[in-house]
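Computed from a predicted structure; not experimentally measured.
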Amino acid sequence: MARQYTLHRPLAAHSGIDYVAALNAAQYQAVSSPPGKALVIAGAGSGKTRTLTYRVAWLLDHGVEPRQILLLTFTNKAAREMVGRVRDLIARDTSDLWAGTFHSIGSRILRRHAEELGFTRAFSILDRDDQKSMLAKIIAGCDIDTKERRFPKADVLASIFSLMENSGSSLAQIIAGSYERFYDWLDQIEQVRLGYIEKKHATNSLDFDDLLVLTVRLFEQRPEVLQIYQKRFGHILVDEYQDTNLVQGRMIDLLAGDSNSLMAVGDDAQSIYSWRGADMAHILGFPKRYAGSQVFTIDTNYRSVPELLDLSNAAIRANQGRFEKDLRSSRAAAGAKPALVALPEPRTQAGFVVQRMMELHDEGIALNEMAVLYRAHFHSLEIQMELTVRGIPFVLTSGLRFFEQAHIKDVSAFLRFVVNRRDEESFLRMVLLLPGCGPVAADKLWREWLDTGWAKQDDLPVKFSEVMLNFKKVPKKALKHWQQLCYTLDELAPNGFPAKPDAMIFSVLEGVYNEYGEASFENYESRRNDLEQLSQYGQGFEDIVEFLSQLSLMGSVDGQPGADAAGADEDKVTLSSIHQAKGLEWKVVFLIWLVDGQFPNGRILEADDQPMLEEERRLFYVAITRAKDSLYLTYPMTNPKSYSGDVMCSPSRFLGDFPPELVEEWDVGNADSWSADAPF
């Protein structure tokens with residue numbers, strides 16, 4: 001019999017951290033908890049990152065080797081930040097500690113075991129452009145007839161396949177639930193999907209979803225491999241646990257097993273990403289899934305004044321699926337309640353927001369301490385224009401400025417060409433939307449247009465269709481769509497004169513762009529909302545030339561794309577969707593467009609989808625808790641609609657979830673001396 005001998009590692013020097021002094025009581029209780037399964041419900045602004053950082057330090061201080069720790073995050077930046085803070089706290093070499101996103105950890109594991117799944121360790125990782133290129137080639141090789149109607153573009157298919165992997169749903173379920181317009185293409189889409197899987201194997205390539213899916217498959221099919229990592233990672237920590245999807249949740253469960261320690265940190269009240277596969281059931285079901293686990297609640301908020309937390313606590317109580325907690329402020333009362341402001345219509349809402357910003361700036365609040373938050377990117381249109389007209393600098397985190405967006409430029413190209421028939425760039429952009437019409441064909445059609453002589457005429461006494469339907473260079477595949485384009489141009493300029501901007505946009509949407517957009521953009525519903533908002537904005541203009549000039553103002557400074565990416569220390573107002581604002585904070589927050597059908601989203605109200613309505617309410621909660629000192633809740637009472645006049649708006653039902661005494665109503669009037677042209 002072999003003689004037993006135990007190797008004892010030398011104990012590392014204790015860091016000397018005074019954990020009791022460094023943490024509040026709730027944080028300390030979680031940080032110092034014994035090994036096992038634990039869920040930490042960390043409310044907004046309660047020091048979640050601090051808790052995770054000190055937990056890692058505590059483990060190292062109590063004899064756990066860095067190589068035994070796995071820290072899973074949703075961004076590499078978060079992982080670097082936490083490991084950096086640990087190094088500042090404790091004098092230990094942490095190079096053996098694994099910290100990173102689920103995808104980066106999956107990639108690291110697969111590099112070691114790829115052969116067991118039919119790949120080599122030198123596999124390539126496809127980014128989105130690589131995916132699109134590969135899918136486009138597969139579509140071309142499938143002999144799919146797209147002459148009668150458009151087949152979904154590669155970018156849309158990539159999103160469909162990704163949602164399948166992350167939600168565990170079948171292709172038919174995904175198409176029926178989110179892409180019903182493509183249901184007739186189901187068999188062909190499945191053909192492309194199978195071809196895509198085969199092509200990835202043939203080219204030794206993985207996409208980002210594979211980094212998770214194949215890691216889980218490896219663990220499930222090769223128990224001996226799973227055992228290697230279960231033995232190594234005795235302590236697993238997970239950040240933003242409420243955002244985990246089906247595959248990530250399974251990966252955690254497998255690594256944790258029955259005996260490893262697992263500390264999952266998150267906030268059920270900030271679960272807002274179900275649309276990309278996040279499953280809130282993971283955090284709500286943690287105590288039942290891990291019998292005997294502990295649940296810690298960290299509810300001291302270091303960000304917001306008590307008046308704001310009173311409102312956020314009351315607002316989220318209307319949700320049924322949640323852990324009970326009330327945030328408590330560490331700050332003194334501000335003496336001012338959040339403002340509830342009803343405005344006549346969207347432009348006045350923008351005027352109020354920007355004027356109030358200017359007043360606050362005069363009182364000493366920096367522009368970069370103010371933010372405008374909204375449910376959807378198109379809600380920012382009037383705000384963008386108002387800030388631009390007044391010369392107030394702003395950074396836009398929810399997407400490109402309005403006129404920089406592809407779909408805005410596409411539709412504007414039709415309007416620009418009708419106004420200026422010498423505009424070659426607009427003509428080419430418009431024609432390139434047609435199937436089977438590439439740059440060479442588009443250039444030939446442009447030359448045909450020049451040959452007609454109408455490009456240089458100040459007026460067009462004939463219809464566009466009477467001239468352009470006779471073109472000889474139209475590709476056969478594009479013929480049907482070319483005819484529709486010609487008839488749409490006729491609608492834009494009846495009797496040879498441009499129609500009103502809102503009517504022109506409506507004609508482009510209905511005649512040409514809807515079909516193109518649905519097949520080309522996985523988020524076309526959001527883009528369609530942008531275009532409808534642009535149409536509504538156009539109702540204020542009789543002159544199409546003035547309208548197009550105003551749109552151009554919304555481009556980046558000096559026409560440079562990405563001008564908003566200037567230094568973060570510059571004094572600029574932030575415009576952001578609430579989803580993009582999660583994790584950020586400002587002294588002053590304006591939350592706009594609080595109207596039923598806008599926030600909460602109209603589709604959710606129509607479907608009477610209670611789980612999604614609760615997610616919308618959590619989104620409202622996230623928005624409120626971004627504010628440190630002041631909050632303005634605004635909504636327009638009417639919304640101009642093309643052809644149907646002003647539509648009365650119902651205030652968001654979320655405004656009825658809390659007692660009215662928690663806010664102060666403002667009655668906004670117009671002064672004769674007020675001027676929209678006042679410079680900043």
Can we call the ring centroids of Y635 and W593 under 6.0 Å apart? no

Do [X] and [Y] sit within salt-bridge range, that is, some charged N less than 4.0 Å from a carboxylate O?
X: K463; Y: E466; answer: no
X: R447; Y: D451; answer: no
X: R429; Y: E425; answer: no
X: K444; Y: E448; answer: no
X: R603; Y: E525; answer: yes
X: E616; Y: R375; answer: yes
X: R617; Y: E614; answer: no

Distance-only, no hydrogens or angles: does the [X] side chain make a donor-acceptor pair with backbone N or O of [Y] under 3.5 Å?
X: T638; Y: P344; value: yes
X: S162; Y: A158; value: no
X: E369; Y: K587; value: yes
X: Y632; Y: I592; value: no
X: S507; Y: A503; value: yes
X: S535; Y: L531; value: no
X: H579; Y: Y273; value: no
X: S652; Y: F599; value: yes
X: D423; Y: R416; value: no
X: E664; Y: L340; value: no

So, S576 versus T574: side-chain donor-acceptor pair below 3.5 Å or not? no

Going by atom types only, do D530 and H407 share a side-chain donor-acceptor pair under 3.5 Å? yes

Pairwise distance [atom1]([X]) to [atom2]([Y]) - rounded to 0.5 angstrom:
X: N514; Y: R528; atom1: CG; atom2: CZ; value: 4.0 Å
X: Y183; Y: I189; atom1: OH; atom2: CD1; value: 10.5 Å
X: C437; Y: W482; atom1: SG; atom2: CH2; value: 7.5 Å
X: L633; Y: L631; atom1: CG; atom2: CG; value: 4.5 Å
X: L433; Y: D410; atom1: CG; atom2: CG; value: 5.0 Å
X: I505; Y: I544; atom1: CD1; atom2: CD1; value: 7.0 Å

Can you say whether the rings of [X] and [Y] are parallel (under 30°), tilted (30 to 60°) or perpendicular (over 60°)?
X: F521; Y: Y524; result: parallel
X: W446; Y: F427; result: tilted
X: F541; Y: Y537; result: tilted

Does CD in E665 sit with more than 12 non-hydrogen atoms of other residues, nucleotides or ligands closer than 6.0 Å? no

More than 12 heavy atoms of other residues, nucleotides or ligands under 6.0 Å from CD of E359: yes or no? yes

Side chains of Y374 and Q598 in contact at under 4.5 Å (non-hydrogen atoms): no

Just wondering, do V474 and K472 contact through their side chains at under 4.5 Å, heavy atoms? no

Between C486 and F464, does the side-chain contact (heavy atoms from CB on, under 4.5 Å) criterion hold? Intermediate values first, please. CA-CA 6 Å; C486 294; F464 282 98; 5.5 Å; no

M504 vs E491, side-chain contact (heavy atoms from CB on, under 4.5 Å): CA-CA, chis, key distance, verdict: CA-CA 7 Å; M504 295 176 78; E491 287 187 23; over 6 Å; no

